[in-house]
Amino acid sequence: MNDKQLEKVRKGDFLLLPHYMKWVGIIPVLIGVMLFFTQDYQSMFKGKVLVGISVNLVLIGFLLIILRKGKFPDEHLLHIRHKAMAYAFMHGLTLVIVVPFLSYFAASLLNVEMDTYFMDFGIFSIFIFQIVYLINYWRFKQDL
Amino acid sequence: MKNTVHVQRAIHKMTQADLSEVIGVSRQTINSIEKNRYVPSTVLALKIARHFKTPVEDIFELEEGD
């Protein structure tokens, strides 16, 4: 690894997507959200397939946004990225543990079957981590 | 840790943008350092000191609680 590559690693702009991927990532998120709210829930098969597609589109979009480089990647932005990841881990883990319990409690109160409105736990966890990361990244960037 | 980057910048008649370009970081990073919101790495601190031709201790100084 030469000096230039080491400098890149130090700045944290290695293996990251270009900055414009932010805009590319927003497209699947918007399509996913639109699909989620406009689908025909009466048709169970079609509904389930479309829920899967829309949720995955949102996750892929968020992933593209998260993995993009900053406009000007430097050590401060890398520091912010690390801090946001740490917060996403702490807050995300807490939410992932707490929310299913609360939901189970709410479902038992409302006499609703859990399967009818819960998405897959793995997808739910990834979604929470992504959302918490993006919120914290944006929040820390505001302090720049 | 407090610093005198803004003083050094004024002495050398440089803007934050000028310094950021020379050092290779964003202008926001220089602003955060000056406002004590971000403590730079040793590499960055040394780069700033080298640019101003001053010992790093003259620019960055430990505070009581550090």
Side-chain angles (χ1 to χ4, degrees), chain A residues 1-26 62 64-91 130-144, chain B:
Chain A
M1 205 179 261
N2 59 33
D3 283 357
K4 207 174 176 184
Q5 285 170 322
L6 273 174
E7 182 70 8
K8 268 189 148 189
V9 170
R10 199 177 62 75
K11 282 181 174 177
D13 66 352
F14 56 100
L15 291 177
L16 290 174
L17 301 169
H19 182 69
Y20 67 79
M21 290 309 265
K22 175 183 176 179
W23 304 109
V24 177
I26 285 172
F62 277 155
L64 291 177
I65 295 168
I66 287 168
L67 291 181
R68 81 189 191 280
K69 275 183 204 170
K71 214 172 197 174
F72 198 109
D74 64 359
E75 61 169 57
H76 192 198
L77 210 57
L78 180 64
H79 176 72
I80 286 173
R81 195 181 279 277
H82 287 169
K83 218 158 73 164
M85 275 180 195
Y87 271 72
F89 180 74
M90 289 186 293
H91 295 168
Q130 286 183 332
I131 286 285
V132 176
Y133 172 85
L134 286 172
I135 290 170
N136 281 305
Y137 184 76
W138 177 79
R139 193 164 63 92
F140 294 138
K141 270 189 82 177
Q142 297 308 303
D143 294 338
L144 273 173
Chain B
M1 191 168 78
K2 57 186 176 182
N3 66 76
T4 57
V5 173
H6 65 291
V7 177
Q8 291 292 336
R9 219 166 34 76
I11 292 168
H12 290 81
K13 291 179 183 153
M14 288 182 91
T15 61
Q16 286 185 344
D18 295 338
L19 182 61
S20 66
E21 203 174 311
V22 172
I23 303 298
V25 294
S26 65
R27 192 195 56 75
Q28 286 87 350
T29 300
I30 298 293
N31 185 45
S32 295
I33 293 168
E34 286 186 6
K35 293 198 168 153
N36 285 327
R37 283 196 300 247
Y38 173 63
V39 178
S41 68
T42 316
V43 174
L44 189 50
L46 286 167
K47 274 185 183 175
I48 292 170
R50 187 173 63 183
H51 176 72
F52 290 132
K53 296 185 178 73
T54 319
V56 75
E57 295 90 346
D58 289 357
I59 301 176
F60 297 96
E61 198 182 326
L62 286 173
E63 283 179 302
E64 272 295 303
D66 291 335

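Quick note on labels: first sequence line is chain A, next is B, and so on, each numbered from 1.
Side-chain atoms of Glu75(A) come within 3.5 Å of backbone atoms of Ser41(B) as a donor-acceptor pair (strictly under, hydrogens ignored).
For NE2 of His51(B), the number of neighbouring non-hydrogen atoms (other residues, nucleotides, ligands) closer than 6.0 Å is greater than 12. Within 6.0 Å of the CD atom in Glu64(B), the count of heavy atoms belonging to other residues, nucleotides or ligands does not exceed 12.
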Could you walk me through whether His76(A) and Val25(B) pass side chain to side chain contact (heavy atoms under 4.5 Å, CB included), step by step? CA-CA 8 Å; His76(A) 192 198; Val25(B) 294; over 6 Å; no
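By the 30° and 60° cut-offs, the orientation of the rings of Tyr38(B) relative to His79(A) is tilted.
Of the listed residues (Arg37(B), Arg27(B), Lys35(B)), the one with the most heavy-atom contacts under 4.5 Å to chain A is Arg37(B).
Between Asp74(A) atom CG and Ile23(B) atom CD1 the span is 12.0 Å, to the nearest 0.5 Å.
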